[in-house]
There are 2 protein chains.
Amino acid sequence: MARARHEFDELAPTGWAVLGLLSFGNELTGYELKKWADNSLRFFYWAPATSQIYAELKRLERLSYVTSREAAHDELRNKRVYRITTAGCDALRRWLRDAPVEPPVLKHGVALRVWLGHLVEPDELRSIVEQHRQYAEEMQDELERAAATARRDPAWTYPAAVIRWGARYYEAERALADEMLRELTAIERANGRRKARRVRSA
Amino acid sequence: MARARHEFDELAPTGWAVLGLLSFGNELTGYELKKWADNSLRFFYWAPATSQIYAELKRLERLSYVTSREAAHDELRNKRVYRITTAGCDALRRWLRDAPVEPPVLKHGVALRVWLGHLVEPDELRSIVEQHRQYAEEMQDELERAAATARRDPAWTYPAAVIRWGARYYEAERALADEMLRELTAIERANGRRKARRVRSA
DNA sequence: GGGAGCATGTAACGGGTTACATGATTGG
DNA sequence: CCAATCATGTAACCCGTTACATGCTCCC
């Protein structure tokens with residue numbers, strides 16, 4: 001039953017993600033990595049906590065997928081920069097190629113709450129969906145701005161494509177929220193009629 | 001800094017989700033709950049492991065949000081059915097109303113891999129996106145079938161609305177995959193031209 | 001002077017998973 | 001008779017988070 005243990009299981013996805021951040025060639029500190037994660041990965045994957053980035057870097061170093069050195073100047077502040085190794089690059093490549101394509105993880109709290117709509121007042125439900133709509137719109141805006149300023153640099157072609165993908169994703173999310181609001185209106189109207197019928201027949 | 005501990009923090013979202021499953025009124029066993037989760041929650045939230053459902057039920061019982069009894073007939077097989085209490089129903093209502101609206105959790109492995117497209121062959125990238133497209137299509141089909149057979153029963157209006165929402169969600173996901181495939185084609189063409197230019201200028 | 005940002009971690013905890021154990025019933 | 005399904009749980013483990021500790025530097 002248990003799938004054979006493969007090389008690509010040796011790291012949790014987050015580990016590969018961090019290694020991926022380093023695969024663009026820069027030498028980066030844990031702190032910088034966190035910031036990069038926060039304004040790229042976050043949009044379509046997720047932003048690990050700072051503490052976990054450090055933990056992940058240690059693991060990566062143990063596997064010789066990254067090397068680190070004390071940043072030369074500015075010696076007093078202890079500052080360690082990490083760089084991907086060829087072994088790390090190879091392993092990452094293999095992971096990208098060979099790891100099974102898994103369905104995205106989606107935990108949609110708003111959908112969950114609408115699903116339980118019979119328990120709350122229609123207005124409260126609307127408000128929840130509206131807040132979500134707002135959020136989707138903000139994300140879309142952010143990503144569209146990011147797309148506009150994206151590097152022309154061929155090294156960033158793929159990230160740029162994913163940013164555009166993200167913008168469309170959140171656009172769809174917003175459209176979905178709008179549609180849901182229309183559905184809610186329809187449900188309220190129907191309930192109104194039902195209630196009216198009950199009253200008439202009483 | 002730390003947000004004040006609220007009542008709605010007393011359970012992890014999964015706890016509320018399980019309680020939500022019970023809020024439709026049926027008496028259910030842990031096993032049945034798992035199946036319900038697998039063919040409803042799964043589409044927009046996520047399906048907890050069986051073992052966790054039992055753990056969650058225990059917690060819910062400790063909080064008096066559910067009660068349980070040994071199923072009367074069929075005594076030999078130890079079988080315990082759970083039912084939501086009024087306290088549980090109230091708590092769930094409060095959670096639905098008052099818990100902050102949090103952004104959906106999205107961990108999109110496919111996007112992550114495209115983002116690192118510079119490390120793999122274009123064909124391998126296409127294949128990953130195509131597998132994902134396939135998946136999205138299957139989910140859409142499943143949900144559309146579910147929507148078609150959905151209860152007319154007013155008690156299921158909201159679940160039905162969420163099923164339709166899900167169908168549209170995966171439709172969008174498929175469209176997004178298609179668009180991504182077109183982008184990949186464009187990138188390949190551009191890389192071809194770049195390569196050609198390099199050759200000419202050499 | 002003090003707050004924001006830079007920088008690195010540790011400790012405790014919790015939520016959730018996999019793997020495992022157990023056994024009865026049903027249907028091909 | 002054997003496999004699948006029903007049914008319930010425990011134990012080990014790990015991923016990741018929050019909270020905390022520390023201290024520097026830059027700029028208002």
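Atom set for the values below is all heavy atoms of this structure, side chains included, hydrogens, waters and symmetry mates excluded.
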Distance, rounded to the nearest Å, where A:Glu10 contributes CD and D:dC14 contributes C1': 16 Å
Pair B:Arg182 + B:Glu179, salt bridge at N-O below 4.0 Å: yes
Contact nearer the 5' end of DNA chain D, comparing A:Ala12 with B:Thr29: B:Thr29
Separation of D:dT17 P from B:Asp9 CG (nearest whole Å): 17 Å
Most 5' of B:Ser51 and A:Ser51 on DNA chain C, judged by nearest nucleotide: A:Ser51
Residue B:Lys79, side-chain heavy atoms: nucleotide from D:dA7, D:dT17, D:dT8 that is nearest: D:dA7
Candidates C:dG9, C:dC6, D:dC6 - which lies nearest the side chain of A:Tyr82: C:dG9
d(CD, B:Glu56; P, D:dT10) in whole Å: 14 Å
Closest to side chain of A:Lys107, choosing from C:dG15, C:dG16, D:dC6: C:dG16
Rounded interatomic separation in angstrom, taking CG from B:Asp38 and P from C:dT17: 11 Å
Aromatic plane relationship, A:Trp165 with B:His108 - under 30° parallel, 30 to 60° tilted, over 60° perpendicular: perpendicular
Name of the residue among B:Thr14, B:Thr85, B:Val66 meeting side chain to side chain contact (heavy atoms under 4.5 Å, CB included) with B:Leu19: B:Val66
Donor-acceptor pair between A:Gln140 and A:Glu144 side chains, under 3.5 angstrom: yes
Side chain of A:Arg80 - closest among C:dT8, C:dT17, D:dC15: C:dT8
First encountered from the 5' end of DNA chain D, between B:Lys35 and A:Pro48: B:Lys35
Chi angles and distances behind the side chain to side chain contact (heavy atoms under 4.5 Å, CB included) call for B:Glu121, A:Arg93: CA-CA 10 Å; B:Glu121 292 304 311; A:Arg93 253 182 243 278; over 6 Å; no
Separation of atom CD1 in A:Ile53 from atom C1' in C:dT10, rounded to whole Å: 17 Å
A:Tyr54 OH to C:dC6 P, straight-line distance once rounded to whole Å: 11 Å
Integer-rounded Å distance: C:dA7 C1' and A:Glu32 CD: 10 Å
Sugar-phosphate only, base, or nothing, as touched by B:Thr14 at under 4.0 Å among non-hydrogen atoms: sugar-phosphate
Sugar-phosphate, base or nothing in reach of B:Lys58, heavy atoms under 4.0 Å: sugar-phosphate
Contact under 4.0 Å: A:Gln52 side-chain N or O vs D:dT17 OP1/OP2: yes
Length of the CG-P vector between B:Leu28 and D:dT8, whole Å: 11 Å
Any B:Trp46 side-chain nitrogen or oxygen under 4.0 Å from OP1 or OP2 of C:dT17: yes
Sugar-phosphate, base or nothing in reach of A:Ala49, heavy atoms under 4.0 Å: base
